[in-house]
Every structure is written in structure tokens, then in C-alpha cells.
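Start at 1 and go down the list; that is how both ligands and their atoms are numbered.
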Amino acid sequence: MLIKSPPSWQMPEREATPEHVFLNRRHFLAAIAGGAAALGTNLIGGSAFAAGTADPTADLYPAKRNGIYALDRPLTKESDAAAYNNFYEFGSHKRIAMEARKLKVRPWTVSFEGMVEKERQVDIDTLIRAMPIEERLYRMRCVEAWSMAVPWSGFALAELVKYARPLSSAKYLVMQTFHDKKMASGQKQVWYPWPYTEGLTMAEATNELAFMVTGVYGKPLPKQFGAPLRLAAPWKYGFKSVKSIVRFEFTDKRPVTFWEQIQAAEYGFWANVNPKVSHPRWSQASERVLGTTKRVPTLLYNGYGEQVAHMYKDLKGEKLFM
Ligand code: MTE
């Protein structure tokens with residue numbers, strides 16, 4: 001599909017945003033936070049629910065931290081991470097938190113389809129309560145060359161795979177976001193191949209690092225982060241971490257993912273982080289740490305090589321790092 005003007009996240013933010021706008025973001029943030037306070041809402045760290053409606057799983061947070069996943073850098077401030085999001089269903093810019101409040105997160109049903117013993121649907125609260133919820137501190141590296149470090153809560157994707165009971169012949173797990181253009185006005189943009197689709201190999205999906213996120217900063221997941229269920233695959237560029245999932249399909253065919261359908265030459269299936277492989281339009285050697293003006297060197301597999309590199313050693317001729 002031909003996109004005449006690439007969306008802003010497809011370029012490093014310093015190219016996507018004039019510097020004075022970027023530097024003025026603090027004022028903008030203060031303004032929207034003030035506006036939210038005036039409306040009686042909690043936009044920045046806010047719950048995914050309207051005031052007065054409790055999240056049915058709120059009692060599960062804060063979850064016990066799994067200390068194995070330690071960080072080499074400070075956590076990103078909640079107010080920074082919650083006000084700088086990519087969620088194209090609600091707009092092609094970063095300040096989608098207010099618009100994303102239109103996302104209706106209950107009732108929410110998740111389906112398991114394709115190569116499974118039995119196709120079925122499950123209510124999100126039943127699913128979350130069936131899973132061992134824990135907190136993990138993960139780095140997140142966006143393809144646009146910015147990064148953050150966040151305390152996700154959720155459960156290993158491997159647990160969900162077990163729950164879904166796939167056939168041994170399944171080779172890929174495809175994950176899809178909702179499709180509802182009345183609720184999410186971004187989906188009226190017909191040139192995007194909705195719904196947002198991502199996929200992992202079964203080895204990746206059952207790797208210990210692949211994580212289903214249901215909460216962040218010790219609370220249920222706010223809407224702009226992709227409530228009520230999203231992926232965190234921290235060794236891959238952030239666009240792999242699909243938000244607000246409603247469908248899991250097990251298949252033996254490699255899916256063509258959302259951004260791959262739009263620009264296959266720039267966004268591939270694998271998308272593993274590698275500082276030595278530049279994006280066709282910018283370097284991936286370093287990253288800006290969200291909430292700071294600091295740049296730090298980017299690490300191979302975003303620093304998670306020990307857990308994931310073995311999965312790729314026999315894959316010849318694949319573009320593993322785009
Ligand atoms: N999932 C959906 N459904 N829609 C999106 O636009 N954006 C992706 C990913 N998952 C996106 C998505 C991109 S480009 C990034 S960098 C991360 O979500 C951003 O996650 P965050 O907003 O929690 O930082």
C-alpha cells in the first residue's frame with residue numbers, strides 16, 4: 001500500500017517534530033493534565049475506567065515483582081510514559097491519551113482460533129484471573145529511536161499459549177486488536193490495513209520474556225497503553241507489541257503484519273533490536289530516553305540477547321533486524 005506521507009512514528013522524533021515543539025511539550029503536558037483535572041479525570045496515570053467504575057481486576061495490583069528482570073537504568077516516570085503513546089486507532093500522534101478514553105474495555109472477549117484443540121472465546125476477567133500475575137521491569141525500544149523502562153504487570157505469554165491448547169503443528173501466533181471505527185476514529189482511515197495485526201513464532205511466543213500486559217505502574221492498564229491486554233516483547237522494536245488484543249490465532253502460515261503490509265521495506269516480521277542495522281531512513285545506534293534529553297547506546301536485542309539470541313542462530317537469509 002502506498003503511503004504518501006509516512007506517519008510520524010516512522011521517523012525519529014527529532015525529525016518528526018521541530019525542536020521548539022518538542023521542547024515545549026512540558027508546557028503542553030501541564031496544560032492537558034490541567035484540563036483533565038478540570039474534567040475530574042485522571043488522564044496521566046489514570047485508570048482505564050470512568051470515574052466511579054472500578055476495574056474488576058483492580059485487587060490484583062500491585063502484583064508481586066519478579067526480581068529476575070532487573071533494569072540497568074531508572075524507571076521512566078509514569079507521567080512521561082502515559083502521555084507519549086503510539087496507538088493509531090486513536091490518532092497518528094503521541095498525545096492520544098484523552099482520545100483513547102473512548103476505548104470501551106468491558107465487556108471484553110478474547111478468542112482462540114485456528115490450530116487449537118478447540119476454538120473458544122473467554123471473558124477477559126476470567127482469563128486474567130486464571131493467570132499468575134506478576135510485575136516485571138522491562139526496557140522498551142521504539143523503532144523511532146526513543147526508549148523507556150516500565151514496570152509492566154501481567155503474565156508470561158507462554159501461560160496463555162498453554163491455556164489456548166494449540167496443535168503441535170502450529171508455527172506462529174497471530175495477535176489482533178479490535179476493529180471498531182465508531183469507537184476508534186483512527187480506524188476510519190481506510191489506507192491502514194485494520195485491524196492491527198502482529199505475530200510471533202511459537203518459539204518466540206513461548207520464550208520466557210514474551211509477556212502479556214494487563215497493568216502498569218502497579219495498577220490496571222490505562223487505555224492509552226492498550227488496555228485491557230497487550231503484548232510486551234522487549235527484545236523487538238515497540239511496534240511488535242500489539243495493544244488491546246481480541247484475537248489469538250495459531251497458524252502454520254507466517255502472517256503479514258500491520259506495518260509490513262504498509263511498508264515491507266522498512267518494517268519486517270522479525271524487528272529485533274540491533275544498533276548496527278540502520279532503519280532505511282535513520283540510524284538505530286542510539287536512543288533518547290523518554291523524559292530526559294539523554295541519548296544512550298542501543299543494545300543488541302535491546303540487551304536481552306542472553307534470553308533470545310539462540311532462537312535466531314539457525315535462521316539464514318532472514319531480515320532479522322528490521
Ligand atoms: N498496537 C496497536 N493496536 N496500535 C498501535 O498503533 N503502536 C505500536 C505498539 N502497539 C500500536 C500498537 C507502536 S509503534 C509502539 S512504539 C508501541 O505500541 C507503543 O506502546 P506505548 O504507547 O505503550 O509506549
query: Looking only at atom types and distance, does a side-chain atom of Ser283 sit under 3.5 Å from a main-chain N or O of Ala285, one as donor and one as acceptor?
result: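 At least one qualifying donor-acceptor pair exists.
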- prompt: Does the Gln187 side chain pair with the main chain of Trp194, one donor and one acceptor, at a distance under 3.5 Å?
  reply: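 Checking the backbone N and O of Trp194 against the side chain of Gln187, no donor-acceptor pair under 3.5 Å is found.
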Under a 4.0 angstrom heavy-atom cut-off, which atoms of ligand 1 come close to [X]?
X: Asn85; result: 21 (P), 22 (O), 23 (O)
X: Met148; result: 24 (O)
X: Phe225; result: 23 (O)

- prompt: Taking it one step at a time, do Tyr69 and Tyr138 satisfy ring pair (Phe, Tyr, Trp, His ring centres under 6.0 Å)?
  reply: CA-CA 7 Å; Tyr69 304 100; Tyr138 272 3; 5.8 Å; yes
Donor-acceptor side-chain pairing of [X] and [Y] below 3.5 angstrom:
X: Asn85; Y: Lys94; value: no
X: Thr298; Y: Glu287; value: yes
X: Trp259; Y: Tyr196; value: yes

query: Out of Lys243, Arg141, Gln224, who gets a non-hydrogen atom closest to atom 1 (N) of ligand 1?
result: Lys243
task: Counting heavy atoms only, name the option from Gln187, Lys94, Met140 that's nearest to atom 19 (C) of ligand 1.
output: Met140
Less than 3.5 Å between some nitrogen or oxygen of [X] and one of ligand 1, yes or no?
X: Trp259; value: no
X: Ser241; value: yes
X: Tyr84; value: no

- request: Measure the spacing between CG of Leu103 and OG of Ser244 and express it to the nearest 0.5 Å.
  value: 4.5 Å
Looking only at heavy atoms, is any part of [X] under 4.0 Å from ligand 1, and if so is it the side chain, the backbone, or both, or is it neither?
X: Glu89; answer: side chain
X: Tyr196; answer: side chain
X: Thr177; answer: side chain
X: Lys240; answer: neither

message: Is Glu144 close enough to touch ligand 1? Criterion: a residue heavy atom under 4.0 Å from a ligand atom.
response: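 In this structure, Glu144 fails to qualify as a contact of ligand 1 - no heavy atom is under 4.0 Å.
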query: Taking the six-membered ring of Phe112 as reference, does the NZ or CZ atom of Lys118 fall below 6.0 Å from its centre and within a 45° cone about the axis?
result: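 The answer is no, since Lys118 fails at least one limit relative to Phe112.
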Passing candidate, ring pair (Phe, Tyr, Trp, His ring centres under 6.0 Å) with Phe321, options Tyr237, Trp270, Tyr301: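 So, applying the ring pair (Phe, Tyr, Trp, His ring centres under 6.0 Å) to Phe321 and each of Tyr237, Trp270, Tyr301, only Tyr301 qualifies.
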